[in-house]
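Down below is the structure, laid out as structure tokens.
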Amino acid sequence: QTFGRSREAMMRAMRVRASTSSGRKPTAALTCGRARRGVSSSARSGHQALRRVGGRAAAPASGTGAPTSRSASAATVGDRHDHLALSELTAVGPLDGRYGAKVKDLRGVFSEYGLIKKRVEVEIRWIQHLSRCSDIAEVPQFSAETEAFLDSIVANFSLEDALVVKRTEAVTKHDVKSVEYYVKQRLSERDELAPILEYVHFSCTSEDINNLAHALMLKEGTEKHLLPKMDEIVAQVKQLAVKNASVPMLSRTHGQPASPTTVGKEMANVAYRLQRQRDQVARVEYLGKFAGAVGNYNAHLVAYPNADWEQIARSFVTSFGIGFNPYTTQIEPHDYIAELFSAISRYNVVLLDFDRDVWSYISLGYFKQKTVKGEVGSSTMPHKVNPIDFENSEGNLGVANALADHLGAKLPVSRWQRDLTDSTVLRNMGLVFGYSQLAYASSLQGIGKLEVNEAAIAADIDAAWEVLAEPVQTIMRKCGIEEPYEKLKEFTRGQAVTKEMMVEFAEKLDIPSEEKAKLLNLQPRTYLGNAEKQASEV
């Protein structure tokens, strides 16, 4: 319905432009589709209708009552486009547009609102922390009621509260100072806190607040959003491995037939790799600092020289479940962020490899895809069921990793004690999570549609008797026959080898009967090593 209304409005505007370009005055029929009560069918009503669909009438040329060129109409269209309200149709990036519904759970973490919320939390927790430090006599221990009040500011922080901060920022032109002013204003609501308002943001540099806010955002994004999706993918791939542990499959190395495996074993390989990278993501230690303008507690020690500021800062940082970095400049150097994005990138690379392999197996016919009623595979070829989920996953993993690689390479680099290049880059952290999460959803959707085509797999492996050259030459080596590899190479390389040919070759070998029996009983579909066992135990 929304699309229909938008299209109707667009067509009305196009008819208005067509009529004005031809020198005719727009009528109510052209601009509205039907006459409105109390409005005459005049050029003025047409002008008003055009305004209602988001535009302005083209400015008349000097001395005339009508536009003189197509450029005037084009300028009108461009001007309307400059004022489009944000929606899924008008968002510049697909994470806020086309794919917005799939990553909306990340908005509360990585949006501007999410950042402001974490900053407020850090500022509130700092004033609470100071009240518990015996060396800071001017900030006494708060009452239980005041502690509850401060906790409620953090717990109940809303979009409306964030807008208050943004309105202040429009004046101050400083995002963290605006948060400080917001916190002071909230604290002034309680008489007990009025005497210590100037201890809000005490001895802090903006990066003391920011680095902890960013660490909290990354921690929440990873633990509550990314890792659960990673785990879901690992579980689904493991399920494929166990379910298909005994299904024989022809391997391909360099794209050519190679020693057989099972469908399940190939899935188990991926599951193990993904699990290992997932665990490395989970082991990354988030770090924080709270040491002032250049990391030396300069202002702190001037004010309270007898306080153990490093211990005060350490206990504060670790209270968030974040590791303490004792050696910093103005900023926490972001090495751990580079480590995190590197670990995420490695997981994504393994998943991308899986996407491409499954895509290829689908192409070979090894997997079929369950059809979904209503879906279209091609605008011109009705029969097609394309592996679009794995293609979408691959594409979005590429975007995620490009961003992760840039953040990982850029963030640890800062001129002297600090430059501002990290600030704008850090605002893109959520994009790595967004594109990764988008890719994970596509992979999971694709896995859910997969059906193993055992008939196609069997036909392929049963026609590849040449792969038994490996076990035959191995038995020949064991039995002391000279140049077994060279003999099998001459017999099989580049040849269409049949069962009968392999049986005839084995029959002629001068080897013990029990070894010959091994070879005569071998088939490509039974030459699997311990593939089934590995797949079952993943």
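Predicted, not measured: the structure shown is a model, and the values here were computed from it.
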If every non-hydrogen atom of Leu397 is compared with every non-hydrogen atom of Leu352, which pair is closest and at what distance?
CD1-N, 3.6 Å

Under 4.0 Å between a side-chain nitrogen and a carboxylate oxygen: does that hold for Glu198 and Lys184?
yes

Donor-acceptor side-chain pairing of Tyr347 and Asn401 below 3.5 angstrom
no

Would you check if Val176 and His201 make a side-chain contact, meaning some heavy-atom pair closer than 4.5 Å?
yes

Which of parallel (below 30°), tilted (30 to 60°) and perpendicular (above 60°) describes Phe316 and His129?
tilted

Say whether, by atom type as modelled, one donor and one acceptor occur between the side chain of Ser158 and the main chain of Asp161 under 3.5 angstrom.
yes

Working to the nearest 0.5 angstrom, can you tell me the gap between Ile447 CD1 and Ile233 CD1?
6.5 Å

Is it true that, when you exclude Gln239 itself, more than 12 heavy atoms of the residues, nucleotides or ligands shown sit nearer than 6.0 Å to its CD?
no

Heavy-atom check, side chain of Arg418 versus side chain of Ser423, under 4.5 Å:
yes

Distance check, rounded to the nearest 0.5 Å: Ile344 atom CD1 versus Leu403 atom CG?
11.5 Å

Using only heavy-atom distances, determine whether the side chains of Arg276 and Tyr272 contain a donor-acceptor pair under 3.5 Å.
no

Closest heavy-atom pair and its distance - Ile127, Val200:
CD1-N, 3.8 Å

Under the salt bridge (charged side-chain N to carboxylate O under 4.0 Å, His left out) criterion, do Arg119 and Glu123 qualify, and how do the steps go?
CA-CA 6 Å; Arg119 284 168 168 165; Glu123 293 279 14; over 6 Å; no

Gln437 side chain to Asp105 side chain, donor-acceptor N/O pair below 3.5 angstrom
yes

Main-chain N/O of Gly295 paired to Thr328 side chain as donor or acceptor, under 3.5 Å:
no

Okay, side chain of Ser152, backbone of Phe149: is any donor-acceptor separation there less than 3.5 Å?
yes

Could you give the distance from CG (Leu426) to CG (Asn211), rounded to the nearest 0.5 Å?
10.0 Å

What is the ring orientation for Phe341 with Phe433, classed by angle as parallel under 30°, tilted 30 to 60°, or perpendicular over 60°?
perpendicular

Ring-plane angle category for Tyr336 and Tyr286, please: parallel below 30°, perpendicular beyond 60°, tilted otherwise.
perpendicular

Main-chain N/O of Asp389 paired to Asn392 side chain as donor or acceptor, under 3.5 Å:
no

Electrostatic pair Glu121-Lys117, nearest N-O below 4.0 angstrom
no

Hey, does the side chain of Gln330 reach the backbone of Ala293 with a donor-acceptor pair shorter than 3.5 angstrom?
yes

Side-chain ion pair, Arg427 and Asp175, N-O less than 4.0 Å
yes

For the side chain of Ser414 and the backbone of Asp419, is there at least one donor-acceptor N/O pair under 3.5 Å apart?
yes

Evaluate the side chain to side chain donor-acceptor pair (under 3.5 Å) criterion for residues Thr168 and Ser178: first the C-alpha distance (whole Å), next the side-chain angles of each, then the deciding distance (0.1 Å), finally the verdict.
CA-CA 6 Å; Thr168 304; Ser178 301; 5.5 Å; no

Ile337 versus Leu407: any side-chain heavy-atom pair under 4.5 Å?
no

If you compare all heavy atoms of Val317 against all heavy atoms of Gly323, which two are closest, and at what distance to 0.1 Å?
CG1-O, 3.5 Å

Answer whether the closest heavy-atom distance between the side chains of Glu147 and Ser131 falls below 4.5 Å.
yes

Any side-chain heavy atom of Leu115 within less than 4.5 Å of one from His214?
yes

What do the steps show when you test Ile196 against Phe142 for side-chain contact (heavy atoms from CB on, under 4.5 Å), and what is the final call?
CA-CA 11 Å; Ile196 53 92; Phe142 298 143; 4.0 Å; yes

Mind checking whether Tyr113 and Phe157 have parallel, tilted or perpendicular rings, split at 30° and 60°?
parallel

Would a distance-only check, ignoring hydrogens and angles, find a side-chain to backbone donor-acceptor pair under 3.5 Å from Trp359 to Phe390?
no

Check whether any side-chain heavy atom of Ser188 sits under 4.5 Å from a side-chain heavy atom of Leu197, and report yes or no.
yes

Could you tell me whether a side-chain N or O of Thr424 sits under 3.5 Å from a main-chain N or O of Thr421, the two making a donor and an acceptor?
no

Out of the candidates Leu240, Val237, Leu351, only one should pair with Val270 under the side chain to side chain contact (heavy atoms under 4.5 Å, CB included) rule; please name it.
Val237

Lys/Arg N to Asp/Glu carboxylate O, Arg125 vs Asp151, below 4.0 Å
yes

Would you say CZ of Arg190 has more than 12 non-hydrogen atoms from neighbouring residues, nucleotides or ligands within 6.0 angstrom?
yes

Taking Trp126 as the fixed residue, which of Phe320, Tyr199, Phe290 is the one that meets the ring pair (Phe, Tyr, Trp, His ring centres under 6.0 Å) rule?
Phe290

Would the distance check show the side chain of Lys229 and the main-chain N or O of Glu232 forming a donor-acceptor pair, the cut-off being under 3.5 Å?
no

Knowing that exactly one of Glu339, Arg346, Gln275 qualifies, which makes a side-chain hydrogen bond (donor to acceptor under 3.5 Å, both in side chains) with Gln280?
Arg346

Please confirm whether the backbone N or O of Gln417 pairs with a side-chain atom of Thr329, one donor and one acceptor, at under 3.5 Å?
yes

